[in-house]
There are 2 protein chains.
Amino acid sequence: MAKPRSEIPSATVSRLALYLRELQQIERSGSANVRSGWLAERLGLKDSQVRRDLSCLGQVGQRGVGYRVQDLVSAIQNVLGTDRSWNVILVGVGNLGRALSGYRGFDQLGFRLVAAFDSDPNKVGTKVGALQVQDLDHLERFAQTQRVDLAILAVPANAASAVASRLQSSGIAGILNFAPVVIPSNSAITVQPVDLALELQRLAFSVVQRHGIAHLGEIAIRTEDSLEEVD
Amino acid sequence: MAKPRSEIPSATVSRLALYLRELQQIERSGSANVRSGWLAERLGLKDSQVRRDLSCLGQVGQRGVGYRVQDLVSAIQNVLGTDRSWNVILVGVGNLGRALSGYRGFDQLGFRLVAAFDSDPNKVGTKVGALQVQDLDHLERFAQTQRVDLAILAVPANAASAVASRLQSSGIAGILNFAPVVIPSNSAITVQPVDLALELQRLAFSVVQRHGIAHLGEIAIRTEDSLEEVD
DNA sequence: TAGATTGTTAATCGATTAACAATC
DNA sequence: TAGATTGTTAATCGATTAACAATC
């Protein structure tokens, strides 16, 4: 029953969130049980990996039978912290910020957007979803009067560091950082970086790696020192 | 001179993109050289890791001196495939799609948005940046007449799989998938998933792990089976 | 040459996998 | 009991790190 939460490997944590997503879908489809092999197939993993990951939740399956979907869902939610609700603020109401605020799925995971801030006077006062954008200057005051757990940082790169340190001193526990800038994590504040350009680069790399470059039409061709050595 | 491109570990690939970002900043600031220790400090890594990563580019540094910034930039761009240009289409022009289309930084990495598609008649014909949104039905025709390398998939979850298989048969090499659904990668098509809800969950988890739950104000308290076992 | 920093080795650490005993 | 599937072990694989020889 003692959940060894602090021992869960980070690779497992990421997959637990994927399992959760899949399990909730299964739940809606009416099945009460799953087998590790079935989850594995759906997610492109090995069944032994699924079992190993799920064993981090404790003894949650039944040998010879499988796992009860509901049990898994609540166990994973408990471990990930999504059985609680999190108050989240949005800082930076540009294209990306606006998109994130409307992102379905945050809400059902327990993340509640409680305020949105921007420093642009043209944006202050406008609506983002049900919220009115506040001036960034009001950030600290807001954080004093309301509990704020997390911040989504979606400001331009050049503003990110300054805003991040303000967030830090206002007592927020974590930042989801979309700015292409390294915000240092420390014991007071946890930072989870998301770099969209980097994801596109990763994709481009794996395409080059698999298909070679020649595949890509009239793109600058340098087959002589790139394609041939691939074995 | 032979670049062992296919041997680069995936963890290194991700960091190479980070180095590139940092190096381009350094380049703008006028420095011609960097040391591994300096890059390491900026990115929160160990210097030995930086050197090991960069050694995947070949012999690119000078002992006793450091690395020439320009050399690194072009070597990394070459390896990542961003010294070429990539034709990218956007499928799904919702909030997220619109935000991504305006994302500064894609362009300077060589990713050119050449078309945008949506199945919603209300969106078809509207502008997204300089592009006019096309009907999703025109996808295949477009792919036949123009070279398309990559697709950004930003449609709702329930539409994602169907659109993905159309993309696949239209000969596109890679998909950056923002839909919370698993799209299988195979040798014909590479898929890079980006799950924004998952990133927020990861953040929540590491906050719980570091601070414990009690830190979070009046949130449902279950210290008895969660906080105490943390050593 | 003396000082500095890379490139690389060997050791450590962590994550994945196959296999199978435990048990429903 | 027979069949099935978990939970867990041990082996493998990959990534990180410290240390240092090579060399600018």
Side-chain angles (χ1 to χ4, degrees), chain A residues 1-19 23 26 31-72 75-76 79 202 205-206 209, chain B residues 1-19 23 26 31-72 75-76 79 202 205-206 209:
Chain A
M1 73 208 46
K3 315 261 171 23
R5 184 160 28 70
S6 62
E7 317 263 328
I8 299 180
S10 67
T12 296
V13 170
S14 299
R15 281 190 301 267
L16 285 176
L18 289 178
Y19 299 145
L23 289 164
I26 294 168
S31 305
N33 290 280
V34 265
R35 284 170 294 112
S36 55
W38 197 86
L39 269 177
E41 198 184 3
R42 288 274 293 240
L43 292 167
L45 305 169
K46 293 277 176 350
D47 57 341
S48 55
Q49 178 158 77
V50 172
R51 288 197 298 279
R52 172 151 270 247
D53 285 341
L54 295 181
S55 74
C56 292
L57 305 169
Q59 301 252 120
V60 76
Q62 278 192 298
R63 292 172 200 239
V65 179
Y67 302 87
R68 288 197 48 217
V69 177
Q70 282 197 348
D71 291 354
L72 281 186
I76 295 176
V79 162
R202 262 209 275 251
F205 174 78
S206 47
Q209 196 180 37
Chain B
M1 76 205 45
K3 314 261 172 23
R5 185 162 24 72
S6 62
E7 317 264 327
I8 299 181
S10 67
T12 297
V13 170
S14 300
R15 281 189 301 267
L16 284 176
L18 289 179
Y19 299 145
L23 288 164
I26 294 168
S31 305
N33 291 280
V34 264
R35 284 169 294 110
S36 56
W38 197 87
L39 269 177
E41 197 184 3
R42 287 275 291 239
L43 293 167
L45 305 169
K46 291 278 176 349
D47 56 344
S48 55
Q49 178 157 76
V50 172
R51 288 197 297 281
R52 172 152 269 245
D53 285 341
L54 295 181
S55 74
C56 293
L57 305 169
Q59 301 254 120
V60 77
Q62 278 193 299
R63 290 171 201 241
V65 180
Y67 302 87
R68 287 198 48 218
V69 178
Q70 282 197 347
D71 292 353
L72 280 187
I76 295 176
V79 162
R202 262 209 274 250
F205 174 78
S206 47
Q209 196 179 37

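In what follows, every heavy atom counts, from backbone to side chain, and hydrogens, waters and symmetry copies are set aside.
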Is there a side-chain contact between [X] and [Y] in this structure, where contact means two heavy atoms from C-beta onward sitting under 4.5 Å apart?
| X | Y | value |
| --- | --- | --- |
| B:Cys56 | B:Pro9 | yes |
| B:Leu54 | B:Tyr19 | yes |
| A:Leu16 | B:Phe205 | no |
| A:Ile26 | A:Leu23 | yes |

Next on the checklist: Strictly below 4.0 Å: does A:Tyr67 bring a side-chain N or O up to OP1 or OP2 of D:dG7?
Outcome noted: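 True: A:Tyr67 side-chain N/O within range (under 4.0 Å) of D:dG7 OP1/OP2.
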Checklist entry - Given C:dT16, is OP1 or OP2 found less than 4.0 Å from the side-chain N or O atoms of A:Arg15? => result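 It does, given that an N or O in the side chain of A:Arg15 lies less than 4.0 Å from OP1 or OP2 of C:dT16.
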Item to check | Contiguous pairing runs of three or more, Watson-Crick or G-U under 3.5 Å, that involve DNA chain C | outcome: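 Paired runs of 3+ in DNA chain C: C:3-24 with D:3-24.
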Next on the checklist: Base, sugar-phosphate or nothing for A:Val60? Non-hydrogen atoms, less than 4.0 Å.
Outcome noted: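 Sugar-phosphate: the residue A:Val60, judged by heavy atoms under 4.0 Å, touches backbone atoms but no base.
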Checklist entry - How would you label the contact of B:Ser10 with the nucleic acid (heavy atoms, under 4.0 Å): base, sugar-phosphate, or nothing? => result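 Answer is sugar-phosphate: B:Ser10 comes under 4.0 Å of backbone atoms only.
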Distance-only donor-acceptor hits, side chain of residues 34-45 of chain B, under 3.5 Å, sequence neighbours excluded:
residue	atom	partner	partner atom	Å
B:Ser36	OG	B:Arg51	NH1	3.1
B:Arg42	NE	B:Glu22	OE2	2.7
B:Arg42	NH2	B:Glu22	OE2	2.7

All N/O pairs under 3.5 Å across the protein-nucleotides 11-13 of chain C interface:
none

Checklist entry - Tell me, which pairs form a salt bridge (charged side-chain N to carboxylate O under 4.0 Å, His left out) where one or both residues lie in residues 58-68 of chain A, sequence neighbours left out? => result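 Residue pairs with at least one partner in residues 58-68 of chain A: A:Arg68-A:Asp71.
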[N] [atom2] sits how many Å from [X] [atom1], rounded?
| X | N | atom1 | atom2 | answer |
| --- | --- | --- | --- | --- |
| A:Asp47 | D:dT5 | CG | P | 11 Å |
| A:Leu54 | D:dT5 | CG | C1' | 13 Å |
| B:Gln49 | C:dT8 | CD | C1' | 15 Å |
| A:Asp53 | C:dT17 | CG | P | 10 Å |

Next on the checklist: One character per nucleotide, please: for nucleotides 19-24 of chain C, 5' to 3', B when the base has a protein heavy atom closer than 4.0 Å, S when only the sugar-phosphate does, - otherwise.
Outcome noted: B-BBBB
Checklist entry - B:Arg52 or B:Gly66: which one's nearest nucleotide on DNA chain C is closer to the 5' end? => result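 Taking each residue's closest nucleotide, the earlier one in sequence belongs to B:Gly66.
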Next on the checklist: Would you compute the distance between atom NZ of A:Lys46 and atom CZ of A:Arg52 and round it to the nearest 0.5 angstrom?
Outcome noted: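 Between A:Lys46 NZ and A:Arg52 CZ, I get 15.5 Å after rounding to 0.5 Å.
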Item to check | Nearest-nucleotide pick for A:Ala11, side chain only, options being C:dT16, C:dT9, D:dT5 | outcome: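 The closest nucleotide is C:dT16.
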Checklist entry - Do you know the tightest heavy-atom contact between A:Asp53 and A:Arg15? => result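 Reported closest heavy-atom pair: OD2-NE, 2.6 Å.
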Checklist entry - In residues 36-46 of chain B, what residues come within less than 4.0 Å of DNA chain D, judged by heavy atoms? => result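 Those residues whose heavy atoms fall under 4.0 Å from DNA chain D, taken from residues 36-46 of chain B in numerical order, are B:Lys46.
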